[in-house]
Amino acid sequence: MAQKPSIPKGTRDFSPEEMVKRNYIFDTIRQVFQRYGYLPIETPAMENLSTLMGKYGEEGDKLIFKILNSGNYFSDFQNDSQLLEAKNQGEKAFTKYISEKALKYDLTVPFARYVVQHQNEITFPFKRYQIQPVWRADRPQKGRYREFYQCDADVIGSNSLINEVELVQMIDDVFTQLNVPVIVKINNRKILSGIAEVIGQADKIIDITVAIDKLDKIGVEGVNKELQDNGVSEAAIAQLQPLIAFQGTTLEKVIFLKQLLAGSAIGLKGIEEVEYIFKTLAAISDLKSEVELDITLARGLNYYTGAIFEVKANAGTLSSSICGGGRYDDLTGIFGLPNMSGVGISFGADRIYDVLNELNLFPQSIAASTKLLFVTFGEAEQHYCLPLLARSRKAGINAEIYPEAGAKMKKQMGYADDKKIPFVVIVGGDEMQSGMLSLKNMTSGEQEKLTIENIIEKLK
RNA sequence: GUGGCCAUAGUUCAGUUGGUUAGAACAUCAGAUUGUGGUUCUGAGGGUCGUGGGUUCGAGUCCCAUUGGCCACCCCA
């Protein structure tokens with residue numbers, strides 16, 4: 001008995017209709033990337049496990065899809081007791097014996113690896129974009145897949161905040177073109193460091209920021225409880241309260257933070273950076289998207305050191321971010337190339353798809369594929385049409401002929417219908433004799449007799 | 001890794017307090033129509049009811065286990 005086929009959890013097939021829509025998103029993003037001078041690269045689906053491990057934190061390591069070594073992956077073990085010993089070291093240690101490759105988890109770390117490996121061929125600052133799938137061994141849920149596409153643009157080898165400004169413009173361009181209302185949230189890791197420093201908990205910065213990040217989700221009490229659970233002192237928590245409670249415009253936040261962080265050099269530096277970005281953006285002043293400073297924004301991987309970006313749709317039911325990014329001062333350092341600062345953003349194409357789909361924002365016009373179908377009554381007619389078909393294609397018209405020569409009209413017309421082919425040429429004995437072909441407009445139902453030259457001219 | 005909900009045709013779902021041969025809609029294929037589609041009508045194919053065990057004279061229905069899916073937490077695009 002045939003088994004019912006299926007695909008792995010969290011993965012999806014894409015139909016022609018879906019691919020047309022997906023390509024619309026990819027094309028839009030790619031076009032914006034190119035307009036800002038970013039160049040494409042690709043990296044392999046798999047990386048050495050050692051390249052990826054330890055780059056995404058404890059949690060991230062678990063979510064990396066490891067690839068089982070091919071051949072005899074037990075060859076490292078001479079006997080059962082060695083195997084048992086390895087097993088007793090725990091899952092993570094054991095993984096090293098049986099897996100040396102993994103599917104890539106994001107595009108940023110492979111990019112860092114790429115930069116280090118090709119440093120002598122690259123002209124810096126290097127602006128690259130990359131649109132590829134990544135894999136995460138997560139439990140799937142709404143807006144979360146185990147295989148999904150990221151569309152990254154990063155510039156590496158430049159400290160200028162102009163890059164941050166441009167990235168925000170690119171975000172605005174992409175979502176303006178896609179017609180998605182979004183809110184762009186900006187923060188700065190240095191501000192977060194300053195806050196942790198000022199309250200005397202510099203070593204707890206990750207715990208503090210992760211907790212504050214959940215403010216809109218779990219509320220003030222939830223945040224405080226999480227801080228408490230993570231061993232942040234009562235005094236420090238008390239000091240955080242005015243910050244957590246603060247509401248205001250970006251400008252008011254900046255003024256407030258300047259006071260709060262007066263004693264922290266790093267904190268003030270962060271504010272200065274944020275101020276520059278907002279001032280420059282304001283000077284450009286043609287942004288369609290909402291942009292705001294959000295000090296509760298702590299998203300992103302452990303390596304962000306400056307700006308942090310996050311974009312959420314301002315409509316629809318998807319609450320997770322559809323784009324994120326930030327600056328990382330020393331990403332290539334672990335691969336042996338220090339002092340190379342990078343900043344970038346990553347669009348989550350699959351989530352953007354879900355948003356566009358829900359809000360019905362895909363344009364109608366992107367569906368067009370075949371424009372003209374040759375409908376025939378038999379082999380003689382089909383033969384007669386083949387050169388005409390070739391001529392239509394040479395003229396740049398997407399055209400096809402129904403392959404089964406004897407197929408019924410209903411069948412052929414139905415095929416045109418299903419594929420939403422707007423024009424059909426019907427060729428039988430009369431048409432062959434006169435050379436006047438019947439061109440039918442499938443939307444209006446109108447039909448006229450034309451030569452192939454006229455048809456090509458009309459549809460070109 | 002933790003928790004909640006769910007599982008019947010390709011898809012969305014009916015299926016009575018456990019009772020004969022498990023139904024519908026849509027989709028697919030064929031016919032009504034041997035030179036005219038999208039509408040309509042007729043017919044056909046398609047299910048060991050996720051899987052394994054148990055209770056029972058009898059299980060799609062009740063119980064247990066297992067697998068898969070969805071959602072939430074953790075974390076994240």
Side-chain angles (χ1 to χ4, degrees), chain A residues 1-13 15 25 29 56-64 91-92 105-108 131-152 206 210-211 213-214 217-218 222 226 229 298-302 309-313 317-326 344-355 373 375-378 381 402 406-432 437-447:
Chain A
M1 175 170 326
Q3 75 174 98
K4 268 196 183 175
S6 65
I7 54 176
K9 184 194 296 207
T11 64
R12 295 146 304 151
D13 286 325
S15 66
I25 294 172
I29 292 173
Y56 309 105
E58 192 75 19
E59 218 34 57
D61 283 351
K62 287 189 210 156
L63 298 183
I64 294 170
E91 266 170 52
K92 195 173 167 183
Y105 178 89
D106 74 351
L107 301 179
T108 310
I131 298 177
Q132 287 193 266
V134 300
W135 294 268
R136 295 187 188 177
D138 218 346
R139 296 261 302 246
Q141 52 182 282
K142 185 171 182 174
R144 180 176 297 188
Y145 307 101
R146 298 182 111 180
E147 178 184 59
F148 61 96
Y149 271 73
Q150 289 193 326
C151 313
D152 277 32
I206 301 272
V210 166
D213 186 36
K214 294 176 192 161
K217 209 171 190 174
I218 60 177
E226 184 156 330
D229 292 347
R299 287 309 179 87
L301 309 168
N302 306 339
F309 305 114
E310 181 179 78
V311 182
K312 286 184 176 183
T317 57
L318 186 72
S319 59
S320 27
S321 63
I322 52 178
C323 178
I345 47 170
S346 177
F347 292 86
D350 304 80
R351 286 183 177 175
I352 293 172
Y353 180 98
D354 291 344
V355 171
L373 175 75
V375 167
T376 61
F377 291 100
E381 289 88 343
Y402 196 84
K408 290 181 179 160
M409 282 249 90
K410 181 181 169 74
K411 186 92 181 161
Q412 302 192 50
M413 299 298 270
Y415 178 80
D417 252 343
D418 276 353
K419 282 189 85 171
K420 299 194 168 48
I421 299 172
F423 292 97
V424 159
V425 165
I426 300 161
V427 179
D430 298 348
E431 284 85 353
M432 281 205 291
L437 313 181
S438 301
L439 177 71
K440 178 161 181 145
N441 180 326
M442 292 297 277
T443 8
S444 66
E446 285 165 17
Q447 197 165 313

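A note on names: the letters A, B, ... follow the listed sequences, proteins ahead of strands, and every chain is numbered from 1.
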Engineer: Which is true for A:Thr443 with a 4.0 Å heavy-atom rule: it touches a base, it touches only sugar-phosphate, or it touches nothing?
Structural biologist: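 It contacts base atoms.
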Engineer: Name the nucleic acid region contacted by A:Val375, choosing base, sugar-phosphate or nothing; use a 4.0 angstrom heavy-atom cut-off, strictly under.
Structural biologist: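 Since no nucleic acid heavy atom lies under 4.0 Å of A:Val375, the category is nothing.
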Engineer: So A:Gly429, base contact, sugar-phosphate only, or nothing? Heavy-atom distance under 4.0 Å.
Structural biologist: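 The answer is base, as A:Gly429 lies within the cut-off (heavy atoms under 4.0 Å) of a base atom.
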Engineer: Could a donor-acceptor pair under 3.5 angstrom be found where the side chain of A:Glu431 meets the base of B:G35?
Structural biologist: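 For A:Glu431, whose side chain was compared with the base of B:G35, there is a donor-acceptor pair (under 3.5 Å).
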Engineer: Kindly indicate whether the side chain of A:Gln412 and the base of B:U36 share any N or O donor-acceptor pair separated by less than 3.5 Å?
Structural biologist: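 There is none.
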Engineer: With heavy atoms under 4.0 Å as the rule, sort A:Lys214 into base, sugar-phosphate or nothing.
Structural biologist: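 Sugar-phosphate contact only.
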Engineer: Should the side chain of A:Arg139 and the base of B:G69 be counted as holding a donor-acceptor pair, with the cut-off at 3.5 Å?
Structural biologist: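 By the distance-only test, no, there is no pair.
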Engineer: Do the side chain of A:Arg146 and the main chain of A:Asp138 share a donor and acceptor less than 3.5 angstrom apart?
Structural biologist: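 The answer is yes, because a donor-acceptor pair under 3.5 Å joins these two groups.
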Engineer: Report which part of the nucleic acid A:Tyr145 touches: base, sugar-phosphate, or nothing (heavy-atom distance under 4.0 Å, all strands).
Structural biologist: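 If one applies the 4.0 Å heavy-atom cut-off, A:Tyr145 turns out to touch a base.
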Engineer: In whole angstrom, what separates A:Met413's CE from B:G35's P?
Structural biologist: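 Value for this atom pair: 12 Å.
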Engineer: For a quick check, tell me whether the side chain of A:Lys410 and the base of B:U33 share a donor-acceptor pair closer than 3.5 Å.
Structural biologist: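 By the distance-only test, no, there is no pair.
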Engineer: For a quick test of reading the model: is some side-chain N or O of A:Lys62 closer than 4.0 Å to OP1 or OP2 of B:C75?
Structural biologist: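 For B:C75, neither OP1 nor OP2 has a side-chain N or O of A:Lys62 closer than 4.0 Å.
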Engineer: Quick check: closest heavy atoms across A:Met413 and A:Val424, and the distance to 0.1 Å?
Structural biologist: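 What the structure gives for the nearest pair is SD-CG1, 4.2 Å.
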Engineer: Taking for each residue the nucleotide of RNA chain B bearing the nearest heavy atom, is the 5' side occupied by A:Lys408 or by A:Ser444?
Structural biologist: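 The residue whose closest nucleotide sits nearer the 5' end is A:Lys408.
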Engineer: For A:Ser438, answer base if it contacts any base atom (sugar-phosphate contacts may also be present), sugar-phosphate if it contacts only those atoms, and nothing otherwise; contact means non-hydrogen atoms under 4.0 Å.
Structural biologist: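 Counting heavy atoms under 4.0 Å across all strands, the contact made by A:Ser438 includes a base.
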Engineer: Quickly work out the A:Leu439 CG to B:G35 C1' distance and round it to whole Å.
Structural biologist: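 So the CG-C1' distance, A:Leu439 to B:G35, works out to 16 Å.
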Engineer: Expressed in angstrom and rounded to an integer, what is the separation of A:Leu318 atom CG from B:C71 atom P?
Structural biologist: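 Whole-Å distance recorded here is 11 Å.
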Engineer: Can you tell me the Watson-Crick or wobble partner of B:C70, both distances under 3.5 angstrom?
Structural biologist: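 B:G4 - that is the nucleotide pairing with B:C70, both distances being under 3.5 Å.
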Engineer: Would you say the side-chain atoms of A:Arg12 pair up with the backbone N or O of A:Glu147, donor to acceptor, closer than 3.5 Å?
Structural biologist: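 Answer holds: yes.
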Engineer: For A:Gly414, answer base if it contacts any base atom (sugar-phosphate contacts may also be present), sugar-phosphate if it contacts only those atoms, and nothing otherwise; contact means non-hydrogen atoms under 4.0 Å.
Structural biologist: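 The answer is sugar-phosphate, as A:Gly414 gets under 4.0 Å only of primed atoms, P, OP1 or OP2.
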Engineer: Measure the distance from CG on A:Asp418 to C1' on B:U36 and round it to the nearest whole Å.
Structural biologist: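 Nearest whole value for this atom pair: 16 Å.
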Engineer: Would you say A:Lys420 places a side-chain N or O within less than 4.0 Å of OP1 or OP2 belonging to B:G38?
Structural biologist: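 The answer is no; no side-chain N or O of A:Lys420 sits under 4.0 Å from OP1 or OP2.
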Engineer: Using a cut-off of 4.0 Å on non-hydrogen atoms, how would the nucleic acid contact of A:Gln141 be classed: base, sugar-phosphate, or nothing?
Structural biologist: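 If one applies the 4.0 Å heavy-atom cut-off, A:Gln141 turns out to touch a base.
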Engineer: With the stacking rule set at 5.5 Å and 30°, tell me whether A:Phe377 counts as stacking on B:G35.
Structural biologist: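 Here the ring of A:Phe377 and the base of B:G35 are not stacked, as the 5.5 Å and 30° limits are not both satisfied.
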Engineer: Tell me whether the side-chain N or O atoms of A:Arg144 pair up with the base of B:C75 as donor and acceptor below 3.5 Å, since no angle test is needed here.
Structural biologist: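 Present.
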Engineer: According to the Watson-Crick and G-U wobble definitions, with both distances under 3.5 Å, which nucleotide is paired to B:U34?
Structural biologist: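 B:U34 is unpaired by these criteria.
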